[in-house]
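When a residue number appears, it is its place in the shown sequence, counting from 1.
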Amino acid sequence: MNFSKSVSERLSGFSLSKKLLLTAHCSLLTALALFATPKTLVLGGDNGWGEIASMNGLVVGNQNGQFGYDAVELSTQTTVFDSNTDLLLTFDDDKFTDLSGNYTVMSNNLVPTHDSVKGSGAALSRGNKKGIILSGNKNALFGHDGLAGSFTIEFWLCPSLAENGEMVFSWRSSLNDDTHSEYQMISAAFFNNHLEWVFNNIFIPFSTHEVHLAGFSTVVPNKWARHTISFDQESGLLEYLVDGRTEAIKFITENGHEYGTVCYPILGEKAGIELCTDYAGKIDNFRISRTSIKNDKNHKNDIFLNGNEKYRINGGKFTTKPLLISQAAVINEIDTLMNVPAQTDIRFYIRSGDNCYGWTDDYPAWKEIVPGEKIDGVKGLYFQLSAELLPDGAGSQSPRLSEVVVKYEEQNEPLPPFAINAVAGDSSVTLHWSHSVDDNAGGYYVYYGNRPGEYLGRMAVQGSSPVNVGNVTSVTLTGLDNGRIYYFAVSAYSKVDGRINGMLSKEVFARPSSRISTVLSQELSKK
């Protein structure tokens with residue numbers, strides 16, 4: 001019985017100790033919580049996305065986000081410009097211009113539209129027998145006569161009707177010599193719901209002067225498709241593709257077969273290129289390249305641009321500037337306003353530090369975070385946010401990010417002492433102050449100098465202004481000049497982080513004097 005009572009008493013005491021410890025711990029957490037102020041920083045939303053420093057594969061869509069906000073989303077793919085590009089019309093700008101600089105728009109009746117398949121814009125042709133005409137300079141494939149070599153012509157079409165005779169591409173000229181002249185033409189037009197390519201007197205000395213290539217896939221109105229015609233001067237292969245799939249091929253050789261002697265394209269007098277003559281529908285990303293498909297970077301490394309993917313399969317990414325918040329700030333979580341369709345995703349990353357000037361792409365390390373979940377171990381004077389937007393596997397859907405709210409806690413500055421006084425001594429001044437009423441105070445800095453409000457002193461034995469005196473309420477500064485006036489103020493710094501320094505107390509002053517030491521000696525001798 002006594003033994004049981006003893007055990008009971010010990011268990012009761014242990015339980016009480018645990019309760020006291022838990023109470024003390026909770027009290028400490030509550031006190032520490034009072035030292036911090038919850039704050040937020042908003043990216044996007046009403047503030048816009050001006051804090052983004054770099055963006056790859058993304059665009060900020062005007063009014064595409066929730067509640068009418070501008071949203072970050074994947075950019076639709078556009079054809080890549082490279083050293084082989086002879087002509088490139090992306091139609092992303094309302095002023096249709098050749099990005100290669102080799103062609104000049106002589107006349108244009110196409111209308112810009114944002115209903116594009118690649119990039120932010122396309123061109124609309126109303127089928128009024130007027131399209132766009134371009135004239136090439138001396139560097140352009142169709143800007144001078146002579147041997148042409150390998151080439152690729154490619155564009156995206158979304159026809160309204162695809163009626164017979166609608167002309168999408170046309171180049172007409174003549175090949176002249178001393179004895180005769182040959183009519184030349186390259187065209188692409190609709191026939192029986194197929195796009196047919198015709199080359200008249202282009203390949204010399206080809207036995208059949210007129211070459212036809214027509215696709216077997218039926219052209220579907222109001223649906224985008226990519227059309228490509230390519231000639232390879234090494235093999236003589238002339239190939240027509242739709243959406244990256246071969247529709248028709250022909251070997252332009254003397255015997256019409258593979259491994260025969262290649263017949264090269266020769267172009268005659270300079271003539272303009274006509275696009276969308278008597279064609280009703282849209283066209284996007286028209287490109288001429290001075291190489292064949294097998295050597296074209298847009299196809300050879302075509303993990304992004306082949307097929308009908310609207311968005312890059314590897315997605316896009318943005319990174320903000322290093323954003324200044326405050327010392328010892330702690331990032332708690334992020335909330336987002338976003339639209340993430342099925343099979344798409346948005347991944348967020350964050351990093352922080354007290355100095356952003358030495359940051360690289362990989363340092364400090366990025367930490368992946370999830371919206372709405374607590375973030376651990378991210379604090380400092382600066383932070384940086386990055387987001388990766390990923391499409392679905394077919395590249396047809398893009399997530400949209402309208403707003404990011406960063407929630408963080410900023411450590412409060414402790415209040416200064418309310419009462420302070422200064423007592424002059426021989427080459428010294430003794431300061432006394434009351435404890436700060438702020439429980440956040442972990443110690444004190446003493447500021448001093450020879451002018452009011454300018455605490456630039458350097459002569460005290462205890463150190464230059466400000467002097468960290470620790471968690472005390474008085475200090476004597478020695479090594480001061482007798483006869484000079486000194487001004488003083490005291491601030492408290494945080495017990496959570498000593499770098500967080502509060503406001504200054506009221507200012508006091510004193511003038512050290514050797515006479516003070518003499519007077520004190522005389523008074524002591526009388527006693």
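- Taking the six-membered ring for Trp, Tyr444 and Tyr493 have ring centres at least 6.0 Å apart.
- For an aromatic pair to be called close, the ring centres must be under 6.0 Å apart, and Phe96 with Phe91 satisfies this.
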Does Asp481 form a salt bridge (charged side-chain N to carboxylate O under 4.0 Å, His left out) with Arg511? I'd like the steps, not just the answer. CA-CA 9 Å; Asp481 295 333; Arg511 192 186 299 269; over 6 Å; no
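- Inter-residue side-chain proximity for Asn56 and Phe318 is flagged as unmet; no heavy-atom pair is nearer than 4.5 Å.
- Counting only N and O atoms by type, the side chains of Ser100 and Asp98 include a donor and acceptor under 3.5 Å apart.
- Ser289 and Thr152 share no side-chain donor-acceptor pair at under 3.5 Å.
- Side chains of Ser491 and Asn501: a donor on one and an acceptor on the other come within 3.5 Å.
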Show, in sequence, the C-alpha distance, side-chain angles and deciding distance for Arg347 and Asp345, and conclude whether the salt bridge (charged side-chain N to carboxylate O under 4.0 Å, His left out) test is met. CA-CA 7 Å; Arg347 297 178 179 176; Asp345 196 11; 3.2 Å; yes
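- In this model, a donor atom of one side chain and an acceptor atom of the other lie less than 3.5 Å apart for Gln462 and Thr478.
- Side-chain polar atoms of Tyr311 and Asp392 form no donor-acceptor pair below 3.5 angstrom.
- Other residues, nucleotides and ligands contribute more than 12 heavy atoms inside 6.0 Å of the CG atom of Asn471.
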Salt bridge (charged side-chain N to carboxylate O under 4.0 Å, His left out) evaluation trace for Lys374 with Glu333: CA-CA 5 Å; Lys374 189 179 185 310; Glu333 66 176 274; over 6 Å; no
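- Trp49 places no side-chain N or O within donor-acceptor distance of the main-chain N or O of Gly45, the cut-off being under 3.5 Å.
- Trp359 has its side chain within reach of Tyr382: a pair of non-hydrogen atoms, C-beta onward, lies under 4.5 Å apart.
- Distance alone, capped at 3.5 Å, is enough to place a donor-acceptor pair between the Arg351 side chain and the Pro364 backbone.
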Please determine whether salt bridge (charged side-chain N to carboxylate O under 4.0 Å, His left out) holds for the pair Glu388 and Lys317, giving the CA-CA distance in whole Å, both sets of side-chain angles, and the decisive distance to 0.1 Å. CA-CA 4 Å; Glu388 185 180 17; Lys317 183 179 181 180; over 6 Å; no
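- Between Tyr455 and Glu507, the side chains place a donor N or O and an acceptor N or O closer than 3.5 Å (distance only, hydrogens not considered).
- Using a 4.5 Å heavy-atom cutoff, the side chains of Thr90 and Lys118 are not in contact.
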